[in-house]
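See below for the structure under consideration.
Just so you know, residue 1 is the first one in the sequence shown, and it goes up from there. Computed from a predicted model, the values in this text were never measured in an experiment.
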Amino acid sequence: MKEFRHRCLDREMLVGAFAAIPHPVGVEVLALAGPDFLCIDWEHSQMGRDTVETMLRAADCHRVPAIVRVPGHAPEPIAAALDGGAAGVLVPRVSTAAQAAAAVKAIRYPPAGERGVGPGRAAGYGYRIFDHLAVANDRTLAAVQIETAEGLANAAAIAGTEGIDLVFIGPGDLSVSIGALGADGAARLGEAIGTVIAAARAADRPVGIFCATPEDARRWLGSGISLVILSSDAMFLGGAAASAFKAARDGPETS
């Protein structure tokens with residue numbers, strides 16, 4: 001089976017979701033729903049390194065590739081996610097080419113980067129470390145998230161950074177950063193997203209985006225975007241619960 005990184009590089013149409021509930025059961029429920037991949041959201045959730053690794057195990061049980069959105073640019077959480085067995089990392093708030101290059105260094109083993117070698121889960125706790133080193137750089141997705149006005153201005157330089165596999169658009173934070181909120185800002189946000197897509201296309205990089213609804217996902221897939229993170233376990237739970245409560249209160253339909 002083709003590795004997840006190569007499916008991204010080949011621009012297969014992939015739809016996944018954020019796993020934000022800090023428990024492996026949430027991962028298993030999502031995995032059973034049929035996503036192409038999951039992204040464990042370490043940035044915006046109440047989880048520690050041990051929970052991240054447990055959630056990666058849960059995804060592995062169902063043979064669903066799982067990447068991790070790390071809390072920031074520091075190399076330590078990047079290494080922790082990858083040592084735990086993540087198929088790649090999504091680095092948030094990348095606003096300059098220098099930050100993108102630093103992310104690549106943290107993700108890749110030498111000579112392509114500066115990732116430290118350790119006897120973690122990904123390396124079979126040391127028993128398969130040489131086998132792991134032989135394939136890790138080829139199999140590990142290096143994705144960076146553009147979601148600031150500065151990142152938008154530097155989109156071409158970020159996308160052109162050597163070693164970047166995928167450029168991911170965070171429309172929520174991007175809309176706040178450029179002052180394109182609500183219906184009045186929709187056109188401006190759409191233009192900004194188009195700018196990032198064009199920059200990635202010029203650099204021959206695949207593009208991903210977060211979508212809150214299936215309608216948004218259908219809008220963007222195939223329009224220069226090949227990967228979508230659709231909502232999250234917490235958002236799915238909240239939306240379905242709200243819909244069910246409303247339906248129950250509305251009572252039986254009348255003819």
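- Of the possible donor and acceptor atoms, one in the side chain of S177 sits under 3.5 Å from a partner among the backbone N and O of A149.
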Show me the donor-acceptor pairs within less than 3.5 Å that the side chains of residues 167-176 make with the rest of the protein, sequence neighbours left out.
unit_1 : atom_1 : unit_2 : atom_2 : d
S175   : OG     : P171   : O      : 3.2
S175   : OG     : G172   : O      : 2.6

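- V52 and M47 make their closest contact through CG2-SD, 3.6 Å (heavy atoms, listed as atom of the first residue, atom of the second, distance).
- Nearest heavy atoms, P35 versus A31: CD-O, 3.5 Å.
- In this structure H62 satisfies the side-chain hydrogen bond (donor to acceptor under 3.5 Å, both in side chains) test together with E28, sequence neighbours excluded.
- Shown here are the salt bridge (charged side-chain N to carboxylate O under 4.0 Å, His left out) partners of R139, two or more places apart in sequence or in another chain: E3.
- With hydrogens and angles ignored, the 3.5 Å screen pairs no side-chain donor or acceptor of D233 with any backbone N or O of A19.
- Here the CZ-CG distance, from R115 to D83, works out to 5.0 Å after rounding to the nearest 0.5 Å.
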Please tabulate, for side-chain N and O atoms in residues 70-78, each donor-acceptor pair with protein atoms closer than 3.5 Å (sequence neighbours left out).
unit_1 : atom_1 : unit_2 : atom_2 : d
H73    : NE2    : P92    : O      : 2.8
H73    : NE2    : R93    : O      : 3.1

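- Linking Ile, Leu, Val, Met, Phe, Trp and Tyr whenever their side-chain heavy atoms come within less than 4.5 Å leaves M55 and L237 in two separate clusters.
- Taking the side-chain hydrogen bond (donor to acceptor under 3.5 Å, both in side chains) definition, one finds that D131 meets it with nothing, sequence neighbours left out.
- Note that the OG1 atom of T51 and the CG atom of L56 stand 11.0 Å from one another [nearest 0.5 Å].
- In this structure, T140 contributes its side chain and A136 its backbone to a donor-acceptor pair below 3.5 Å.
- Not counting sequence neighbours, the partners of D165 by the side chain to side chain contact (heavy atoms under 4.5 Å, CB included) test are R5, L9, R108, L141, A142.
- A distance-only check finds a donor-acceptor pair linking the side chain of D41 to the backbone of E43 [under 3.5 Å].
- The list of ring-ring contact (aromatic ring centres under 6.0 Å, His included) pairs with a residue in residues 202-232, not counting sequence neighbours, reads F18-F210.
- Contact of the Q145 side chain with the L90 side chain is registered, since non-hydrogen atoms from C-beta on lie closer than 4.5 Å.
- Taking R11 as the reference, D204 meet the side-chain hydrogen bond (donor to acceptor under 3.5 Å, both in side chains) condition, with sequence neighbours excluded.
- Every residue meeting the side chain to side chain contact (heavy atoms under 4.5 Å, CB included) condition with K246, not counting sequence neighbours, appears here in chain and number order: D250.
- Checked against side-chain hydrogen bond (donor to acceptor under 3.5 Å, both in side chains), H132 has the following partners two or more places apart in sequence or in another chain: Y109.
- The backbone N or O of A157 lies less than 3.5 Å from a partner atom in the side chain of T161, making a donor-acceptor pair.
- Across I40, V91, L38, a single residue satisfies side chain to side chain contact (heavy atoms under 4.5 Å, CB included) together with V68, and that is I40.
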Would you mind writing out the side-chain donor-acceptor pairs for residues 97-107 within the sub-3.5 Å range, not counting sequence neighbours?
unit_1 : atom_1 : unit_2 : atom_2 : d
Q99    : OE1    : S95    : N      : 2.7
Q99    : OE1    : T96    : N      : 3.4

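- Rounding to the nearest 0.5 Å places CG of L227 at 5.5 Å from SG of C8.
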What side-chain donor-acceptor pairs closer than 3.5 Å can you find for residues 181-194, not counting sequence neighbours?
unit_1 : atom_1 : unit_2 : atom_2 : d
R188   : NH1    : I178   : O      : 2.6
R188   : NH2    : I178   : O      : 3.1

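- Between R57 and E53 there is a salt bridge, since a side-chain N of the basic residue sits under 4.0 Å from a carboxylate O of the acidic one.
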